Amino acid sequence: MMKSSAPDIRIENLTIGYDETIVVENINATLPGGGISVILGRSGCGKSTLLKNILKLHTPKGGAVYLGKHNIYKLKRKAFRCLKQRIGVLFQDGALLGALNLFDNVALPLREHTKLKQPEIYEVVKSKLSLVGLEDFMDFYPNELSGGMRKRAGLARAMVMDPDILFCDEPTSGLDPINSAELDELLLELKERFDMTIVVVSHDLASMETIADYVVVLGEGKTLFRGMKDDLMATDDPYLRQFLDREGQKREAPRLTMSKLDPSVMKMDCTKYIGDFNSN
Ligand SMILES: Nc1ncnc2c1ncn2[C@@H]1O[C@H](COP(=O)(O)OP(=O)(O)OP(=O)(O)O)[C@@H](O)[C@H]1O
């Protein structure tokens with residue numbers, strides 16, 4: 001990985017949950033600046049909860065999260081608001097506003113947080129939409145776009161303020177394999193072109209293998225793995241191995257197996273009338 005000035009994200013003894021319930025205990029990890037980190041785990045293991053805590057949308061039960069040098073839970077409200085403007089988020093459903101066309105959706109953060117005038121806004125929005133291949137769709141409304149296009153539009157909006165940190169919640173969920181692969185390519189391209197720390201929450205093992213530099217695997221209320229992807233793929237820890245191999249198999253293209261119905265289940269016994277197709 002190239003040397004980067006994008007911030008590391010340091011998670012220290014973080015315990016997260018809701019009310020009396022602890023979802024994951026004592027998470028420790030440093031997500032490297034300028035790299036793509038994937039937070040991986042089965043459904044319900046607490047990935048989104050972790051993301052909510054890192055974005056301070058939810059308060060942890062204990063521990064700290066540092067974005068660069070800032071302990072986000074210690075920052076004053078205004079300071080955190082400023083920090084948040086340096087963060088882009090791609091939500092699971094793209095979170096586009098249905099009443100606004102693509103241009104206005106992507107322009108929203110610029111209008112809210114900058115003094116840019118309309119012609120400058122136009123230039124920025126156009127460049128971000130062309131980054132994701134949607135420059136010809138500015139006038140379209142979200143419901144006129146495919147799921148993959150909506151994700152890419154959400155990505156354009158997350159990128160519009162040139163963030164230092166980009167969070168993506170399940171970017172490939174709901175996408176077919178081709179659209180998923182395209183989105184993975186796009187994230188890799190963003191990593192190459194912009195000096196940015198990218199964090200992807202996912203249960204998509206194929207996607208993780210393609211994009212990740214660093215991986216945190218959550219499960220059973222704890223951190224099952226944290227480290228570089230190559231070390232995860234080479235692990236001989238039996239639990240992780242089972243997870244990787246089983247999930248890996250699940251991601252293969254569905255194989256249609258032809259099985260013949262047992263003649264005994266048929267209402268009409270045809271065997272005595274016809275044999276197979278090649279013999280009488
Ligand atoms: N607002 C909430 N209040 C109470 N419990 C919640 C809340 N949101 C999630 N949970 C619980 O916390 C646990 C972790 O949920 P979370 O959404 O973080 O999992 P996840 O790994 O992101 O799952 P998925 O991959 O299905 O999105 C689950 O048991 C869930 O039921």
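In listed order, ligands and their atoms are each counted from 1. Predicted model only: the values in this text are computed from it and were never measured.
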A.B. asks: I want to check something: taking the side chain as every heavy atom from C-beta on, are L166 and L187 in contact at a cut-off of under 4.5 Å?
C.D. replies: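 Result yes, sub-4.5 Å side-chain heavy-atom pair found.
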
A.B. asks: For atom 25 (O) of ligand 1, which protein heavy atom lies nearest, and how many Å away is it?
C.D. replies: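 Of the protein heavy atoms, K47 NZ, 2.8 Å lies nearest.
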
A.B. asks: Is there a donor-acceptor contact under 3.5 Å linking the side chains of Y18 and T49?
C.D. replies: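 Distance-only check passes for Y18 and T49.
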
A.B. asks: Taking only residues two or more places apart in sequence or in another chain, which ones pass salt bridge (charged side-chain N to carboxylate O under 4.0 Å, His left out) with R81?
C.D. replies: none

A.B. asks: Do you see a protein non-hydrogen atom under 4.0 Å from atom 1 (N) of ligand 1?
C.D. replies: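 So far as the 4.0 Å threshold goes, atom 1 (N) of ligand 1 is in reach of a protein heavy atom.
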
A.B. asks: Test of understanding: given a 4.0 Å heavy-atom threshold, classify the contact between T49 and ligand 1 as side chain, backbone, both, or neither.
C.D. replies: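 Both backbone and side chain.
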
A.B. asks: Before signing off on this row, confirm whether V23 and ligand 1 have an N or O atom pair separated by under 3.5 Å.
C.D. replies: no

A.B. asks: Within the 4.0 Å heavy-atom shell around R42, which atoms of ligand 1 are there?
C.D. replies: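 By the 4.0 Å cutoff, the relevant atoms are 21 (O).
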
A.B. asks: Relative to ligand 1, is E170 under 4.0 angstrom through side chain, backbone, both or neither, heavy atoms considered?
C.D. replies: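 E170 to ligand 1: side-chain contact only, backbone stays beyond 4.0 Å.
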
A.B. asks: Would you mind checking if D169 and K52 are paired as a salt bridge, meaning a charged N to carboxylate O distance below 4.0 Å?
C.D. replies: no

A.B. asks: Looking at every non-hydrogen atom in both residues, tell me the closest pair between I54 and Y73 and how far apart they are.
C.D. replies: N-OH, 4.3 Å

A.B. asks: Taking 4.0 angstrom as the limit and counting only heavy atoms of G46, give me the atoms of ligand 1 inside it, by number and element.
C.D. replies: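 That gives atoms 14 (C), 16 (P), 18 (O), 19 (O), 20 (P), 21 (O) of ligand 1.
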
A.B. asks: Could you establish whether G44 and ligand 1 come within less than 4.0 Å of each other, counting only heavy atoms on the residue side?
C.D. replies: yes

A.B. asks: In the protein, which heavy atom is nearest to atom 26 (O) of ligand 1, and how far is it?
C.D. replies: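 Of every protein heavy atom, S43 OG, 2.5 Å lies nearest to atom 26 (O) of ligand 1.
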
A.B. asks: Side chains of residues 134-146: which donor-acceptor partners sit under 3.5 Å, not counting sequence neighbours?
C.D. replies:
{"from": "E144", "atom 1": "OE1", "to": "Y141", "atom 2": "N", "distance (Å)": "2.7"}
{"from": "S146", "atom 1": "OG", "to": "M149", "atom 2": "N", "distance (Å)": "3.2"}

A.B. asks: Measure from atom 30 (C) of ligand 1 to the protein's non-hydrogen atoms and state whether any distance is below 4.0 Å.
C.D. replies: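 Protein heavy atoms within 4.0 Å of atom 30 (C) of ligand 1 - there are none.
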
A.B. asks: Which residue owns the protein heavy atom closest to atom 17 (O) of ligand 1, what's the atom, and how far is it?
C.D. replies: S48 CB, 3.8 Å

A.B. asks: Side-chain donor-acceptor pair under 3.5 Å between D8 and T30, yes or no?
C.D. replies: no

A.B. asks: V217 and side chain to side chain contact (heavy atoms under 4.5 Å, CB included): which single residue from L224, D237, T235 fits?
C.D. replies: L224

A.B. asks: Can you report which non-hydrogen protein atom sits closest to atom 10 (N) of ligand 1, along with the distance?
C.D. replies: Y18 CE1, 3.2 Å

